[in-house]
Amino acid sequence: MTVRTRIAPSPTGDPHVGTAYIALFNLCFARQHQGQFILRIEDTDQQRSTRESEQQIFDSLRWLGLEWDEGPDVGGPHGPYRQSERRELYAGYAQELLDKGKAFKCYRTPEELDELRRERQLAGKSTALKPSDLYLPDDEVARREAAGAPYVVRMLVPEEEGACVIDDLLRGRIELDWGMVDAQILLKSDGMPTYHLANVVDDHLMEITHVLRGEEWINSAPKHKLLYEYFGWQMPVLCHLPLLRNPDKSKLSKRKNPTSITFYQRMGYLPQAVINYLGRMGWSMPDEREKFSLDEMIAHFDISRVSLGGPVFDVEKLSWLNGVYLREDLSDEQFIAELMKWAFNSDYVRQIIPQLRPRVETLSDVAPLAAFFFSGLPKLQKSDFLALGMEEEALVELLQFLVWEMDALRDWNKDGIMACVKALSEQAGLKMKAYLQPVFLAVSGSTSSTSVLDAMVILGPDMSRARLRHALDLVTEGGVSKKQAKKLEKAYQLFGESKKL
């Protein structure tokens with residue numbers, strides 16, 4: 001048997017370090033067994049998926065040195081490797097389950113589903129909806145079908161209590177309660193599959209032998225096991241890796257840590273240091289050394305050495321390791337080459353020059369004006385923001401709303417950023433100049449600089465968002481409290497509704 005593993009990211013945002021972590025362990029496992037590593041793009045979320053995000057996934061994984069044997073951009077015998085290009089395939093397998101009586105069409109409306117969940121909750125049951133909860137009388141089904149009502153295809157799941165046993169490569173025998181397993185949607189009303197159907201069908205057709213994925217998917221394992229049984233297919237070996245954690249042990253999130261791979265690239269980390277650090281996330285070399293290359297990790301990889309304790313992604317430790325690489329592995333010439341490749345290259349500098357030329361009289365003016373384009377997070381304090389004269393509560397709202405708007409902005413260009421800022425300034429009752437003061441400070445570290453909107457375009461989404469979050473953390477002294485967050489979320493929801501009017 002040829003070992004085949006895969007990574008299947010969704011192209012719906014910035015490429016995540018968690019994706020790189022899972023990809024690294026899948027690659028090492030496959031290579032250690034002389035097997036193959038596949039990249040599949042799970043773009044069934046058509047509203048949020050973009051080709052730009054997909055390209056970022058390719059670029060960031062390759063920057064780290066992770067190469068795949070089959071994928072959308074390299075081809076292979078099991079393509080296509082984008083789920084959006086396999087749509088008709090999933091419909092056929094959904095129909096097979098309907099024909100076998102292992103799935104059913106569900107015409108329930110969102111309002112009915114909410115009411116059913118409330119009823120179960122009041123009865124002291126889990127909110128996992130079972131087929132018996134969802135079935136409608138035959139005449140009602142016929143009426144809704146004749147009216148052309150939308151429907152989804154759901155899988156049949158056990159009604160009774162009891163345990164589903166899952167064998168895990170790392171964790172051994174796992175018992176999961178069938179009572180918590182709902183009648184999962186397999187095919188959405190738009191004809192696109194959900195993750196669960198597409199994942200099982202693709203893994204089978206692509207001959208995946210081992211599925212190494214994050215532990216957040218453990219609760220989905222019973223559904224996947226059922227689907228393999230319904231289709232009569234052999235289930236791949238499952239291995240649920242521990243999730244990356246923030247230093248406070250919470251799940252790694254961009255609210256507390258930069259999570260985009262491209263952020264670390266823009267910050268000037270070396271790819272070999274980042275991949276080395278990710279390799280130490282829950283795994284160790286036999287001789288316990290901290291510094292090792294990707295080739296060395298592959299040569300010594302043993303999945304049994306993975307620790308189930310939540311590995312902590314600590315940016316300070318990553319920075320320390322990156323410093324070791326800069327000092328120990330690079331000659332002066334190589335150091336210069338890395339600097340040039342990182343930011344002091346003509347493509348990047350050419351974007352900055354038009355911002356500088358109208359503002360300089362001597363070449364010595366360039367460095368102070370352009371410094372923030374070649375740095376990480378600005379050295380600021382809370383007092384710098386309060387000195388702007390804005391009320392602290394209003395300042396927090398301004399920064400938090402802008403962070404949320406920038407997170408949601410898919411097309412990163414000046415017009416898109418300007419539209420967001422204009423809407424937010426109007427909502428805040430501020431003129432653009434007043435609104436942009438804290439934004440200037442957050443992005444450039446100064447209250448006056450080159451055009452802040454142009455600067456955000458040049459810095460890119462990862463660095464811009466990171467600087468805005470950094471400012472928010474400074475003003476709130478470590479992050480928005482739960483009480484503040486609820487109030488802000490409610491206000492932001494009202495802002496979103498007003499934009500639609």
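FYI, side chains are in, hydrogens and waters are out, and symmetry mates aren't considered; it's all heavy atoms of this structure. Heads up: numbering here begins at 1 and tracks the sequence.
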From E42 CD over to T44 OG1, what is the distance, rounded to the nearest 0.5 angstrom?
7.0 Å
If every non-hydrogen atom of [X] is compared with every non-hydrogen atom of [Y], which pair is closest and at what distance?
{"X": "I166", "Y": "P222", "value": "CD1-N, 4.2 Å"}
{"X": "P80", "Y": "E85", "value": "CB-OE1, 3.3 Å"}
{"X": "V157", "Y": "V181", "value": "CG2-O, 3.7 Å"}
{"X": "V480", "Y": "Q484", "value": "CG1-CB, 3.2 Å"}
{"X": "N276", "Y": "E290", "value": "ND2-O, 3.1 Å"}
{"X": "G376", "Y": "M267", "value": "CA-SD, 3.4 Å"}

Inspect the contact between D73 and R62 and indicate whether a charged nitrogen and a carboxylate oxygen are less than 4.0 angstrom apart.
yes
Between E393 and K487, does at least one N-O distance fall below 4.0 Å, as a salt bridge requires?
yes
Aromatic ring proximity [X]/[Y], centre distance under 6.0 Å:
{"X": "Y277", "Y": "F313", "answer": "yes"}
{"X": "Y348", "Y": "F374", "answer": "yes"}
{"X": "Y269", "Y": "W63", "answer": "no"}

If the condition is side-chain contact (heavy atoms from CB on, under 4.5 Å), which residues does [X] pass it with, not counting sequence neighbours?
{"X": "D59", "answer": "Q55"}
{"X": "E54", "answer": "P11, I41, R51, F58, R82"}
{"X": "L409", "answer": "M406, W412, I417, C420"}

Pairing residues for K223 by the side-chain hydrogen bond (donor to acceptor under 3.5 Å, both in side chains) criterion, not counting sequence neighbours:
D182, Q184
Between side-chain atoms of residues 428-445 and protein atoms elsewhere (two or more places apart, or another chain), which donor-acceptor pairs fall under 3.5 Å?
residue	atom	partner	partner atom	Å
S444	OG	F440	O	2.7
S444	OG	S446	N	3.2
S444	OG	S446	O	3.0

Would you kindly say whether D45 and S49 are connected by a side-chain donor-acceptor distance under 3.5 Å?
no
Between E175 and C164, is a side-chain contact (heavy atoms from CB on, under 4.5 Å) present by the stated rule, with each step listed?
CA-CA 6 Å; E175 294 189 3; C164 172; over 6 Å; no
Of all pairs that satisfy salt bridge (Lys or Arg N to Asp or Glu O under 4.0 Å), the ones with a partner from residues 443-463, not counting sequence neighbours
K414-D454
Heavy-atom side-chain proximity of M155 to F104 below 4.5 angstrom
no
Flag the pair V306 / P242 as yes when at least one side-chain heavy-atom distance between them is below 4.5 Å, and no otherwise.
yes
Please verify the inter-ring angle class for Y492 with F495; under 30° counts as parallel, over 60° as perpendicular, anything in between as tilted.
tilted
